[in-house]
Amino acid sequence: MFPTRLSEVAASELRAVVETAETIDFELKRALPAKKGADPWMTGGKLGDDAKDELAAEIIAFANTVGGTVIVGIDEDTTHKTREAADTSYATLQGSGCAAASSHK
């Protein structure tokens, strides 16, 4: 999905990716689940058990197909015209719990 590390991805590259529709190998998640509200990782804490379970399920699903990428911190717009984020600036996305994980066969 990205030819470089996430820390080296330009804002324009990130915007181009998140403006595409989710597919069998691409998933967007606004937040990670927790027993109460959002997972602490979203605000700089440790990744909770509920969030680990959901991410593990996504990664296993990708591993059982063609591989894929999960980006956490960006909400899917069901019209697939745009994506919603707390702020569209890349620096804010990086600092507010936006992360990507890729697994390709």
Side-chain angles (χ1 to χ4, degrees):
M1 172 126 325
F2 298 112
T4 60
R5 298 176 142 213
L6 185 60
S7 61
E8 298 169 355
V9 173
S12 59
E13 292 174 291
L14 183 60
R15 281 189 204 101
V17 167
V18 300
E19 288 177 357
T20 62
E22 288 185 331
T23 63
I24 191 170
D25 65 348
F26 179 57
E27 177 77 23
L28 294 171
K29 296 216 168 285
R30 173 68 176 154
L32 296 172
K35 292 191 188 295
K36 294 183 180 180
D39 188 77
W41 179 82
M42 298 298 294
T43 56
K46 288 188 172 189
L47 192 60
D49 289 339
D50 291 340
K52 287 178 187 177
D53 290 345
E54 183 165 323
L55 289 174
E58 291 287 343
I59 292 167
I60 290 167
F62 284 151
N64 286 328
T65 59
V66 296
T69 300
V70 177
I71 298 181
V72 178
I74 299 176
D75 199 10
E76 177 185 11
D77 175 359
T78 56
T79 65
H80 298 298
K81 292 180 182 174
T82 61
R83 305 293 185 210
E84 299 172 11
D87 186 318
T88 57
S89 71
Y90 181 63
T92 300
L93 290 173
Q94 274 189 312
S96 66
C98 179
S102 292
S103 169
H104 294 281
K105 289 186 175 185

Heavy-atom donor-acceptor pair, Asp50 side chain to Lys35 backbone, under 3.5 Å: yes

Heavy-atom closest contact (Ile74 atom, Leu28 atom, distance): O-CB, 3.6 Å

Taking every non-hydrogen atom, the tightest pair across Val70 and Phe62: CG2-CE1, 3.3 Å

For Leu47, all residues meeting side chain to side chain contact (heavy atoms under 4.5 Å, CB included), sequence neighbours excluded: Leu32, Asp39, Trp41, Ala51, Lys52, Leu55

Pair listing, salt bridge (Lys or Arg N to Asp or Glu O under 4.0 Å) test, anchored in residues 60-74, at least two apart: none

side-chain contact (heavy atoms from CB on, under 4.5 Å) evaluation trace for Asp25 with Thr69: CA-CA 6 Å; Asp25 65 348; Thr69 300; over 6 Å; no

Candidates Glu54, Glu27, Met42 - the one meeting side-chain contact (heavy atoms from CB on, under 4.5 Å) with Val72: Met42

